[in-house]
Amino acid sequence: MLDIQLLRSNIDEVAARLASRGYTLDVEAFNALEAERKFLQTRMQELQSKRNTVSKQIGIAKKNGEDVSAIMAEVATLGDELKAAEDGFAAVQKQLDDWMMSIPNLPHESVPAGDDESGNVEVRRWGTPRSFDFEVKDHVDVGAPLGLDFDTGAKLSGARFTVLKGDIARLHRALAQFMLNTHTGEHGYEEHYTPYIVNDSALLGTGQLPKFAEDMFKVTRGGEEGTVDQYLISTSEITLTNTVADSILKLEELPRKMTAHSPCFRSEAGSYGRDTRGMIRQHQFDKVEMVRIEHPDNSFAALDEMVNHAENILKALGLPYRVITLCTGDMGFGSHKTFDLEVWLPAQNTYREISSCSNMGDFQARRMMARFKDADGKNRYVHTLNGSGLAVGRTLVAVLENYQNADGSVTVPEVLRPYMGGKDKIGG
RNA sequence: GGAAGCGUGGCCGAGUGGUUUAAGGCAGCGGUCUUGAAAACCGCCGAAGGUGCGAGCCUUCCGUGAGUUCGAAUCUCACCGCUUCCGCCA
């Protein structure tokens, strides 16, 4: 959520910066609604003040044994008036709140301008794509004989669900274990295990709601809707970041660095035709997530550091990749600045997204009331960051494709061998 | 699933319709004292919002939401959460 003070004082500048990411802010309508809010709030508060004063007088008079019928008659209609004023204000305030919750974050000034992914800027590359002296297969063909089973996944749950068996299931687990161990052991993140079902309030906090409900899986208990809406998490960014919701951290509690391995559930509404083959785009996939709660002065340094942490995983696995800066038009709803990591997939002869690392600034903190007490004793919003480190399913895809051999086997990257019972290859 | 109890500031805890502007304590911050520290004493010490150049003034918040009342932490209803006992269960 943006700072409403900023909209009151600098709305034209805000509108211009939002336009750069493709969001049109109706300045006139906002100003009109805000003026109405101001009028209604002032009137309501005057009436509340009057009620308080008069009620206090009645209390004193009664205590002194005086006759209060005159005062009582005077305020006979005050209750109804006040109720109407409060209802009127609440309705306008809700409109304003709903609007504020649906406005995306402002891009940082260093974010390149652009309408879509063609405006993204490559920052650096690492590794050299391997040259093959045989015909390269994609991960579907490499994986099928090794236990990558799309048919059974579809039988159980429909399209975009996959069953892993045998060594390939173990390789998938090995990847997650390696990532988690690296982030906890070498990068200083605290391991978390968190719920996979969350209340709508958590999703409002991180920004999946109210705008993106169609991307989520909603769940019911015993087939009945509860009093609060609940959803499967689409990323553990949701649970990790919301751990600091409604709290005021001490200065020395910053930064807080958290990581978790979790499944992620996404409806993939609006991407029906895309990536239908293979396990690039699934309704359920595993991800090791990094989340950082930072002092505002440190959040960009933290972003660079977190990108490096994600890169370290790819380097350790020997997977070629590149880092790109997302342009204004390609960034996510709540992002202030985002770097994507794209891994080399030889069968597609291109780089594909495997991690996304974002500095959300105070956007999520304001929505979830996550603050810290600064050196002057003032409460300020923290900055929140999140990044994949990495998407496990896509990392498995990358390993299968990049490490495939002519005989149909797949070499196990060295760092994973301890997790594979010492095996140096699977299949073949 | 059955039964009972409990939700008050960072923490503990008083408060069962009327100057509550939420007592008191702990923690924290500032000061006095001290060579320094501790102890003691004095003072400060919740959050959100509105309005104003500003000192300030005003409003809201006692799990959440409705309701009763001139007036609600206090009364009513619903919901959420926690604790204990019984049953069931990985």
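Computed from a prediction, not measured in an experiment: that's the story for all the values here.
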field: Closest listed nucleotide, where the reference is the side chain of A/R8 and the choices are B/rU59, B/rG50, B/rU19
entry: B/rG50

message: With a cut-off of less than 4.0 Å, is there a side-chain N or O of A/R37 near OP1 or OP2 of B/rG49?
response: no

query: Partner of B/rU69 by Watson-Crick or G-U wobble geometry, both contacts under 3.5 Å, or none?
result: none

- prompt: If pairing requires Watson-Crick or G-U wobble contacts with both distances under 3.5 Å, which nucleotide is the partner of B/rG5?
  reply: B/rC82

message: Need to verify one output field. Residue with the more 5' nearest nucleotide on RNA chain B, A/L82 or A/T42?
response: A/T42

- prompt: P atom, B/rC42 versus B/rC33: distance in rounded Å?
  reply: 16 Å

query: Counting just side-chain N and O atoms, does A/K250 come under 4.0 Å of either OP1 or OP2 of B/rG28?
result: no

- request: Would you mind reading off the distance between A/E36 atom CD and B/rG50 atom C1', rounded to a whole angstrom?
  value: 16 Å

message: With rounding to the closest Å, how many angstrom separate the P atoms on B/rU32 and B/rA37?
response: 11 Å

message: Say we look at B/rC79 and B/rG15: how far apart would their P atoms be, to the nearest angstrom?
response: 29 Å

Partner nucleotide, any strand, of B/rC89 [Watson-Crick/G-U, under 3.5 Å]: none

query: Considering only the P atoms, how many Å lie between B/rC61 and B/rA66, rounded to the nearest integer?
result: 11 Å

task: Compare the minimum distances between each of B/rC70, B/rA48, B/rG52 and the side chain of A/M369, then state the nucleotide with the smallest one.
output: B/rA48

field: Ion pair A/D141/A/R277, N-O distance below 4.0 Å
entry: yes

message: I'd like the C1' distance from B/rG81 over to B/rG87, given in whole Å.
response: 22 Å

field: N/O (side chain, A/K373) to phosphate O (OP1/OP2, B/rA47) under 4.0 Å
entry: yes

task: Write down the distance between NZ (A/K38) and P (B/rC58), rounded to a whole number of angstrom.
output: 19 Å

query: In terms of side-chain heavy atoms, does A/T259 have a donor or acceptor partner in A/H183 at a distance below 3.5 Å?
result: no

- request: Could you work out which one of B/rA48, B/rC58, B/rU21 sits closest to the side chain of A/Q45?
  value: B/rC58

query: Which whole-number value in Å describes the distance from A/M72 CE to B/rG18 C1'?
result: 12 Å

statement: Atom CG of A/D229 and atom C1' of B/rU64 are separated, to the nearest Å, by 16 Å

- prompt: Roughly, in whole Å, what's the span from CG in A/D87 to P in B/rA66?
  reply: 9 Å

query: So, do A/F217 and A/H283 have ring centers that fall under 6.0 Å from each other?
result: yes

task: Mind calculating the distance between CZ (A/R366) and C1' (B/rA47) to the nearest angstrom?
output: 16 Å

- prompt: Of all the nucleotides listed (B/rG50, B/rG67, B/rU60), which has the minimum atom distance to the side chain of A/R51?
  reply: B/rU60

message: With nearest nucleotide decided by heavy atoms, which residue, A/V228 or A/G79, maps closer to the 5′ end of RNA chain B?
response: A/G79

task: Let me see the working for A/D362 and A/R366 under salt bridge (charged side-chain N to carboxylate O under 4.0 Å, His left out), right down to the final yes or no.
output: CA-CA 6 Å; A/D362 61 10; A/R366 186 171 279 112; 3.3 Å; yes

task: Could you tell me the separation between the CG atom of A/N199 and the C1' atom of B/rU64, rounded to a whole number of Å?
output: 13 Å

query: Under 4.0 angstrom, heavy atoms only, what part of the nucleic acid is A/Q93 near: base, sugar-phosphate, or nothing?
result: nothing

- prompt: B/rU64 and B/rA55: how far apart are their P atoms, nearest whole angstrom?
  reply: 31 Å

- prompt: Got a donor-acceptor pair under 3.5 Å from the side chain of A/K62 to the base of B/rG18?
  reply: yes

message: Taking the minimum atom-to-atom distance to the side chain of A/Q41, which one of B/rC70, B/rA47, B/rG49 wins?
response: B/rG49

message: Please determine whether a side-chain nitrogen or oxygen atom of A/N52 lies at a distance below 4.0 Å from atom OP1 or OP2 of B/rG71.
response: no

- prompt: Who does B/rC29 pair with, Watson-Crick or G-U, both distances under 3.5 Å?
  reply: B/rG43

query: When you measure from the side chain of A/S49, which nucleotide among B/rC70, B/rC58, B/rU19 comes out closest?
result: B/rC58

query: Which nucleotide sits closest to the side chain of A/Q48: B/rU60, B/rU19, B/rA47?
result: B/rU60

Spacing of the P atoms in B/rA27 and B/rC41 (rounded, Å): 12 Å

field: Residues A/N312 and A/H187: side-chain donor-acceptor under 3.5 angstrom
entry: yes

query: Rounded to the nearest Å, what distance is computed from the NZ atom of residue A/K56 to the C1' atom of nucleotide B/rA72?
result: 14 Å

task: Could you please name the partner base of B/rG56, counting Watson-Crick and G-U wobble pairs only when both distances are under 3.5 Å?
output: B/rU51

field: Any side-chain heavy-atom pair of A/Y381 and A/M369 under 4.5 Å
entry: yes

task: Mind checking A/R371 for me? I need base, sugar-phosphate or nothing, with any heavy atom below 4.0 Å counting as a touch.
output: sugar-phosphate

- prompt: B/rU74 pairs with which nucleotide, Watson-Crick or G-U wobble, both distances below 3.5 Å?
  reply: none

query: Between B/rA3 and B/rA73, how far is it from one C1' atom to the other, in whole Å?
result: 28 Å

message: Just to verify, what does A/E294 make a salt bridge (charged side-chain N to carboxylate O under 4.0 Å, His left out) with, not counting sequence neighbours?
response: A/R292

- line: When rounded to the nearest 0.5 Å, the distance separating OG1 of A/T243 from CE of A/M258 is 3.5 Å

- line: Any strand, both distances under 3.5 Å, Watson-Crick or G-U wobble: B/rA23 pairs with none

